[in-house]
Amino acid sequence: MDNILDELNDKQKEAVEYLDGPLLILAGAGSGKTRALTYKIAYLLQKDIVKPYQILAITFTNKAAREMKERILKLVKEDANDIWLGTFHAICVRILKREIEKLGYTRDFNIFDEQDKTKLIKDILKRLDLDEKQYNPGYIAYEISRAKDEMKLPEKYLSEAMGDYRKEKIAEIYKVYQSDLKKNNAIDFDDIIMLTVQIFLDNSEVLSYYQNKFKYILVDEYQDTNKIQFLLISLLSSVNKNICVVGDESQSIYGFRGADISNILNFEETFKNAKVIKLEENYRSTKNILDAANNVINNNKSKIEKKLWTQNGIGEKINYKTLQNEYEEAEYITENIDDICKKEKKTYSDFAVLFRTNAQSRVLEEVFLRESIPYRLIGGLKFYSRKEIKDLSSYLKLIHNPNDNISLKRIINEPKRGIGETALQKLESIARSKDVSIFEAIKDTENLNGLRSAGNIIQFRQMICDLIDKKDKIKVSELMLEILDKTGYKNELEMENTKESEDRLENIMEYVGVALEFEKENAENSLGEFLDAQALISDVDNIDEGQSAVTLMTMHSAKGLEFEVVFLAGMEEGLFPSKRSIDEDETVEEERRLCYVAITRAKQKLFITNASKRTIYGSTTYTIPSRFIDEIPDELFDEISQDNITLRKKKEKNFLDDEYSQVKSFLSNDEGFNINSKSSSFGISVDSFLKNINIAPTKITTNNIDLYEVGMSVKHKKFGVGKITKIEAEGDDYKLDISFENYGNKRLMAAYTPLEILK
DNA sequence: AAAACGCCGGTTTTT
DNA sequence: CCGGCGTTTT
């Protein structure tokens, strides 16, 4: 521990030792940026430059915080637990717990999740008599969220909306939303940071306390911070000016949720006398993999010049394979995993399959299950959005904070206890007229006069009050069991005795297990702490490295992680880059950065796959390989992949103008295949399709077009059974004349037509 | 009050 | 294709 600096390269050492003012560490993928950060903290403590509690260190996930804490503990003996180390949200909740009363909330505030938020917005729309179709709750939520990212309170939002009727309406909704939250003594996810900043701005003594307290502020993954996070750290660092941020603009992938890449691009201008140190040596990947990543990212116009290099060997070449459909793609992946496991000394946990959308995971899971390959799926797991889990957690939230109307409304008649819609509506309007919460209204028995369900309501009230009395006396897990028992929730499920109810019970017990786990790790476990932790937890936080299983997750979730072998599945235009991004350069660039992140997760071996035909959400589309594949030089692919590439190139060359028009007329014809499908799915519109071909002519590798013969019986998805009457070559494709039994004669292009050969 | 039905809409990524 | 939600039915 005397010479922790010896374990660093020159640049990292420089970054650790530089202590005078703002420091920007530009660190490419796998260059040991987290390592530099960790060692810097250890160094600060070891040299006794600051006390642990004077350090504020912000990570992107709770898991990263946990790991960093462990590593610091190993390096220095100081108590790393006293460091303020966590995500922006975790840190701000901690501050809010101390300071939120200044804004008129109490410490027992609840944190609303997305579902609660949407419910509240829908409530408000009803109250304001606005049409949900015109004011899509999801869109409103998004707008409010973006506004909060920029510290725009309803008044500010309104002032900017002037003249725009719709925005003015949204401003009105936002205003009511905010005041409703407060009445519920609840905050939403974005409030966690916004309210913290608001407290700082309104209370100079509070701000100055934290400004002086934190002598050093460190931020990891700085490229993914948003405006308000920037504001927060600017405020906090403005006294001591010791702000050290680490990031890589090439890995900025959260623009869609307000992350502002200019935070990192403009760091030097914003923080005077900032020092910049670049970490450019990659310790993770082979040269081939790094080459691929560099080539891809070089297609982005906006980036800070830096060249990532490695002393690692050249390594194996990249494997690229186009499969017929998503099932074959999954099978190809499992086969390769099996194969590599057999031939090399690898375990399942060395592998990761990364995809763009969670929707892709279903087929992968299916095949992994069938092939008996253990896997763990990160994210997409809707455990917490399951009804039974939401119900139980709503009970907990109501008990913790009885003013939470959203939670109360969810469970007041769950399980059924004869408190119907009319009664609830009456109670709600009484509560509103008296400006109290619904639970508060229930407490006054006079308010129940004339309600048929008054008796039931009183019983409910008593039950909740009893549970509130108990909440601080027993453990959270015990409270859960008590709720399940006293409410009759458990009994009802047991009586139902179906497969579904059994599943639900199982889920509930798993949730109780989560609480037990929490109690083990947290000495001072209170209900509030448990609920906060639940609200802040992310999917990656739960990765259990211990078990030997292949990791399946989105490319976003993979940020910051690394694996020996990585599969990138579904590398297709419209999927990745996503359909919604391909019309704008800026968003494509973000997709490209995501691709860069995905590639650089791999240490030794990279597989890229796509399916020529993919079914998602019920509709099947023919696909075009992702432009990102073209951006990787051919020579980086292995021999087996070359056929795939040659085939594609050949198609490209022969893809002449008249064929474009054929494709176009074919597509607009509504015959055969549904590449467009106007409003739905991941398919590609004719325009983007053609635009794409023009930008980067790509192949259409599809059916085994060579297999068709005149006289063959074939089956078409829409036209049914028919016989091929004529085949004519058309570039690399064939025109098939088919006489269908029920639809007459049609002329179809072989490459675009899904035909089943009947013989 | 609860179950059953049927329609519509959304389906990128998430601390 | 799925879930959510409003409507109708019992």
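Each chain gets a letter, A, B and so on, in the order its sequence line appears, and its residues count up from 1. A quick note: this is a predicted structure, and the numbers were derived from the prediction, not measured.
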Exercise for the section: For B/dT13 and C/dG4, measure between their C1' atoms and round to the nearest Å. Expected result: 23 Å
Exercise for the section: For A/Gln178 and A/Lys148, test the side chains for any donor-to-acceptor distance below 3.5 angstrom and give the result as yes or no. Expected result: yes
Exercise for the section: Scan A/Asp113 against the nucleic acid and name what it touches under 4.0 Å (heavy atoms): base, sugar-phosphate only, or nothing. Expected result: nothing
Handout entry: N/O (side chain, A/Asn226) to phosphate O (OP1/OP2, B/dT15) under 4.0 Å
Key = no
Practice task
Would you classify A/Phe576 as touching base, sugar-phosphate or nothing, given that sugar-phosphate means primed atoms plus P, OP1 and OP2, and contacts are heavy atoms under 4.0 Å?
Solution key: nothing
Exercise for the section: Determine, step by step, whether A/Glu591 and A/Ile582 satisfy the side-chain contact (heavy atoms from CB on, under 4.5 Å) criterion, reporting the C-alpha distance in whole Å, the side-chain angles of both residues, the deciding distance to 0.1 Å, and the verdict. Expected result: CA-CA 9 Å; A/Glu591 296 281 303; A/Ile582 45 189; over 6 Å; no
Exercise for the section: Write down the distance between NZ (A/Lys387) and C1' (C/dG4), rounded to a whole number of angstrom. Expected result: 14 Å
Problem - Nearest-angstrom distance from the residue atom CD of A/Gln360 to P of C/dC1 - result: 18 Å
Problem - B/dG9 OP1/OP2 closer than 4.0 Å to side-chain N/O of A/Asn136 - result: no
Problem - Between A/Thr615 and A/Thr620: side-chain donor-acceptor atoms closer than 3.5 Å - result: yes
Practice task
Find the distance A/Gln223:CD to B/dT15:P and express it as a whole number of Å.
Solution key: 15 Å
Practice task
Would you mind reading off the distance between A/Gln115 atom CD and B/dT14 atom P, rounded to a whole angstrom?
Solution key: 17 Å
Handout entry: A/Phe355-A/His556 aromatic ring centre distance below 6.0 Å
Key = no
Practice task
With heavy atoms under 4.0 Å as the rule, sort A/Phe88 into base, sugar-phosphate or nothing.
Solution key: nothing
Completion exercise
Note: for A/Glu591 and A/Glu114 on DNA chain B, the residue whose nearest nucleotide lies more 5' is A/Glu591
Practice task
Just call it for A/Lys122: base, sugar-phosphate, or nothing, with non-hydrogen atoms closer than 4.0 Å on any strand.
Solution key: sugar-phosphate
Problem - pi-stack flag for A/Phe256 and B/dT13, centroid dist under 5.5 Å, interplanar under 30° - result: yes
Exercise for the section: Look only at the side chain of A/Gln360 and the backbone of A/Thr357, and say whether a donor-acceptor pair between them is shorter than 3.5 Å. Expected result: yes
Practice task
For the residue pair A/Glu329 and A/Thr609, confirm or rule out a side-chain donor-acceptor distance under 3.5 Å.
Solution key: yes
Practice task
Convert the base pairs of DNA chain B into dot-bracket notation, remembering that pairs crossing earlier ones are written with [ ] and that bases paired across to another strand are shown as |; include only Watson-Crick or G-U pairs under 3.5 Å.
Solution key: ||||||||||.....
Handout entry: Value in whole Å for how far the P atom of B/dT13 lies from CG of A/Asn358
Key = 5 Å
Fill in the blank from the handout: Contacts of A/Thr422 and A/Glu590 projected onto DNA chain B by closest heavy atom; the upstream (5') one is A/Thr422
Problem - Main-chain N/O of A/Ala141 paired to A/Ser145 side chain as donor or acceptor, under 3.5 Å - result: no
Handout entry: Phosphate-side-chain proximity, A/Ser557 and B/dT13, N/O vs OP1/OP2 below 4.0 Å
Key = no
Problem - Distance in angstrom units between A/Leu85 CG and B/dT15 P, rounded - result: 17 Å
Practice task
Take atom CZ of A/Phe355 and atom P of B/dT13, then tell me their distance rounded to the nearest Å.
Solution key: 10 Å
Practice task
Return yes when atom NZ of A/Lys490 has more than 12 non-hydrogen atoms of other residues, nucleotides or ligands closer than 6.0 Å, and no otherwise.
Solution key: no
Problem - For atom CZ of A/Arg592 and atom C1' of B/dT13, their distance in whole Å - result: 17 Å
For nucleotides 2-7 of chain B, give me every protein contact, N/O to N/O, under 3.5 Å, one pair per line with atom names.
none

Exercise for the section: May I ask you to verify if any side-chain N or O of A/Asn62 is less than 4.0 angstrom from the OP1 or OP2 atom of B/dT15? Expected result: no
Practice task
Report, as yes or no, whether the 6.0 Å neighbourhood of atom CZ on A/Arg452 holds more than 12 heavy atoms from other residues, nucleotides or ligands.
Solution key: no
Problem - A/Tyr254 ring center near A/Phe60 ring center (under 6.0 Å) - result: yes
